[in-house]
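When reading the values below, keep in mind they use all heavy atoms of this one structure, side chains included, and skip hydrogens, waters and symmetry mates.
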Amino acid sequence: YIRKTGLEIEGVSKPAIEELLNRTNLPHAVRQVLLLRQESAKASTAKLEAMQARVGADGRIRGAFQYAGANTHRWVGRGAQLQNLRRPTLLTNNQIDEAIAVLTKTNNPAEALESFFGPPMAVLADCIRGFLVPESGYIFQAGDFSSIEARVLAWLAGEEKTLEVFRGHGKIYEATAGAIFNVHIDAVTKDQRQVGKTACLACGYGGGVGAFQKMAVNYGVKVSDEKAEIIKKRWREANPRIVRYWYDLDNAARVAIKNPGSKCRAGAAGREVTFLKNGTFLLCKLPSSRVLFYPYPKIEEVETPWGEMKFAVTYRAESSQTRQWERQNTFPGVFAEHCTQSLSRDLLAEAMLRMRNSGEKIVLHSHDEIVCETYLPHAQIEVLKRKMSEVPSWATGLPIEVKMWEGYSYRKE
């Protein structure tokens, strides 16, 4: 239909639609069609059917998490994918509760949602988390590890300047923006903070312009590729030990592959990661003493994500696209990502064990959040926070911060 109007369009993917909707001279009819397409294509609402299909006779969903489903040993979601729930974009938490109440009390919910809140499918997508509720008479209490990957990465690399930010005011996005824009942290604007946040999330594992721009879409940041390149360089200048850590890990893995049986270490003193080639596996021992395994490691020439031909460590693993075992390429930053996410997972797992062993009832968890169900509102929440905030003996010096919330439905704080 759009092509027949004379407009060129490659398809109706999310990026293609967003690009067209940003045009100021778009015909009204075409804009309406695109908005309808955008509204009806929200994949997150398909979770409602997946959730309903997996509800047991007692109203609970089970089998939603697979232990060590990822190569970092993180849990992965199964069925309704409760670890991958959409972040609300239209509604506040209070409005989500109100919208769900409207759904249960009106004969024409679509019309009522549109009248009070906005496009019905978008509203439903925002309400996904709110459909998860505790047992009657109970309340959810949840703790979230704040900026845990950024903290763990800086700790592993010995980036003390960044760690001091976390030990102090904790405003890492503002501090990053201040370094990028060369302004005092107190003078950082809201838009500059968003750039700092995007840089923290996109650049920590060796990401360049492409990674920054991909992440920028999620946070409403719009900059040119030239500006993104400058931001990347300034982030790296502000975090030299992290940048060095990427290459130290990569080099240690290469040396271990070339010298089977020899241990090769990288990282700050007392936080080293140890590589060892044993048989057909490259082993990577973490500071927590857990080991990651890379099957059939090689050093071979590959094409980098930015189009260059370089020698890199490769290994065999299941492809997330084809679900077949294929050679996976690495580049400086990949091992840092694996080690950081693995240790973040270990912090979560140890906190879960502490909480379970003291009688807490864990009903939901993600990569950085634990949700418990309790009949003791308010009083128990500080106890949960202390249990989550405990620093393991292997993580001495790692600044951990836990943010808590409680409520009668699941939500994103």
Using side-chain hydrogen bond (donor to acceptor under 3.5 Å, both in side chains), reason through N239 and T162 one step at a time and then give a plain yes or no.
CA-CA 8 Å; N239 295 274; T162 300; 3.1 Å; yes

Straight-line distance of I185 CD1 to Q192 CD, nearest 0.5 Å
12.0 Å

Reported CD1-to-CD1 distance for the pair I96 and I128, which is rounded to 0.5 angstrom:
10.0 Å

Please report the closest heavy-atom contact between D144 and M388, naming both atoms and the distance.
N-CE, 4.2 Å

Using a strict 4.0 Å threshold on nitrogen-to-oxygen distance, state whether E149 and R74 make a salt bridge.
yes

Would you name the heavy atoms of K385 and S389 that are closest together and state the gap between them?
O-OG, 2.7 Å

Sidechain-backbone polar pair: R265 side chain, T274 backbone, donor-acceptor under 3.5 Å
no

Run V313 and R254 through side chain to side chain contact (heavy atoms under 4.5 Å, CB included) and show every step you take.
CA-CA 7 Å; V313 175; R254 294 178 188 230; 3.7 Å; yes

K298/Y315 under side chain to side chain contact (heavy atoms under 4.5 Å, CB included): CA gap, chis, key distance, verdict
CA-CA 6 Å; K298 289 182 180 178; Y315 62 96; over 6 Å; no

Could you tell me if the side chain of E401 sits less than 4.5 Å from the side chain of K403, heavy atoms only?
yes

Charged N to carboxylate O below 4.0 Å: is that the case for K387 and E360?
yes

Sub-3.5 Å donor-acceptor pair from the side chain of K412 to the main-chain atoms of R87, do we have one?
no

Taking NZ, NE, NH1 and NH2 as the nitrogens, is one of them in E326 or R316 under 4.0 Å from a carboxylate oxygen of the other?
no

K285 and E272 ion-paired at < 4.0 Å
no

Looking at R3 and E10, is there a salt bridge between them, counting it only when a charged N and a carboxylate O are closer than 4.0 Å?
no

Given the rule in the ring-ring contact (aromatic ring centres under 6.0 Å, His included) test, do F65 and W75 qualify, once you have shown the distances and angles that lead to the verdict?
CA-CA 6 Å; F65 305 100; W75 285 263; 8.2 Å; no

Using the side-chain contact (heavy atoms from CB on, under 4.5 Å) definition, which of the options L124, V123, L90 pairs with F117?
V123

How about CG on N182, more than 12 heavy atoms from neighbouring residues, nucleotides or ligands closer than 6.0 Å, or not?
no

Under 3.5 Å donor-acceptor, S319 side chain and T322 backbone
yes

Apply ring-ring contact (aromatic ring centres under 6.0 Å, His included) to H338 and Y294, showing your working.
CA-CA 11 Å; H338 292 176; Y294 296 90; 5.8 Å; yes

R411 and E413 ion-paired at < 4.0 Å:
yes

Passes side-chain hydrogen bond (donor to acceptor under 3.5 Å, both in side chains), W246 versus E337? Steps please.
CA-CA 9 Å; W246 303 337; E337 179 179 18; over 6 Å; no

Could you walk me through whether L347 and L398 satisfy the side chain to side chain contact (heavy atoms under 4.5 Å, CB included) test, starting with their C-alpha distance in whole Å, then the side-chain angles of each, then the deciding distance to 0.1 Å, before giving a yes or no?
CA-CA 11 Å; L347 292 169; L398 172 61; 3.7 Å; yes

Heavy-atom side-chain contact between Y138 and P377 under 4.5 Å:
no

So V273 and C284, do their side chains get closer than 4.5 Å, heavy atoms only?
yes

Should E164 and R167 count as an ion pair when the cut-off is N to O under 4.0 Å?
yes

Decide if atom CD of E308 counts as having more than 12 heavy atoms of other residues, nucleotides or ligands within a radius under 6.0 Å.
yes

How close do L91 and D126 get, heavy atom to heavy atom, and via which atoms?
N-OD2, 2.9 Å

Closest contact, heavy atoms only, A70 versus V76:
N-CG1, 3.7 Å

Find out whether Y410 and V133 are in side-chain contact, i.e. whether some heavy atom of one side chain is under 4.5 Å from a heavy atom of the other.
no

Please check if any side-chain donor atom of K361 sits under 3.5 Å from a side-chain acceptor atom of T374, or the reverse.
no

Would you compute the distance between atom CD of E135 and atom CG of D58 and round it to the nearest 0.5 angstrom?
8.5 Å

Between V33 and Y1, is there a side-chain heavy-atom distance shorter than 4.5 Å?
yes

Check: Q141 side chain, L376 main-chain N or O, donor-acceptor pair, under 3.5 Å:
yes

Verify, without hydrogens or angle tests, whether R234 (side chain) and A179 (backbone) share a donor-acceptor contact under 3.5 angstrom.
no

Closest heavy-atom pair and its distance - I139, P134
CA-CG, 4.0 Å

Out of curiosity, T280 OG1 to F293 CZ, how far, rounded to the nearest 0.5 Å?
10.5 Å

Without swapping roles, check the side chain of E229 against the backbone of V209 for a donor-acceptor pair under 3.5 Å.
no

Looking at E390 and R354, does any basic side-chain N land under 4.0 Å from a carboxylate oxygen?
yes

Are any of the side-chain heavy atoms of M404 and E382 separated by less than 4.5 Å?
no

Is there a donor-acceptor pair closer than 3.5 Å between any side-chain N or O of R60 and the backbone N or O of G56?
no

For residues R290 and L292, determine if any side-chain heavy atom of one lies less than 4.5 Å from a side-chain heavy atom of the other.
yes

Judged by atom type as modelled, is there a donor-acceptor pair below 3.5 Å linking the side chain of R345 to the main-chain atoms of H73?
yes

Write down the atom of S409, the atom of G130, and the distance for their closest heavy-atom approach.
CB-O, 3.6 Å

With a 4.0 Å cut-off, would you call R23 and E18 a salt bridge?
no

Separation between CZ (R31) and CG (L36), nearest 0.5 Å, reads 12.5 Å

Could you check whether atom CZ of R241 has more than 12 heavy atoms from other residues, nucleotides or ligands sitting under 6.0 Å from it?
no

Close side-chain approach of T314 and Q328, heavy atoms under 4.5 Å
no

Side chain K277, main chain G279, donor-acceptor under 3.5 Å:
yes

Quick one: does R323's side chain have a donor or acceptor within less than 3.5 Å of a partner on E318's backbone?
no

Show the numbers, then the answer: is there a side-chain hydrogen bond (donor to acceptor under 3.5 Å, both in side chains) between E369 and W405?
CA-CA 11 Å; E369 182 183 46; W405 64 265; 3.2 Å; yes

Considering residues, nucleotides and ligands other than E300, do more than 12 of their heavy atoms fall under 6.0 Å from its CD?
yes

Quick one: do S344 and F145 satisfy side chain to side chain contact (heavy atoms under 4.5 Å, CB included)? Show the steps, please.
CA-CA 9 Å; S344 300; F145 285 116; over 6 Å; no

Could you state the interatomic distance from CZ (F275) to CG (D250), rounded to the nearest 0.5 Å?
8.5 Å

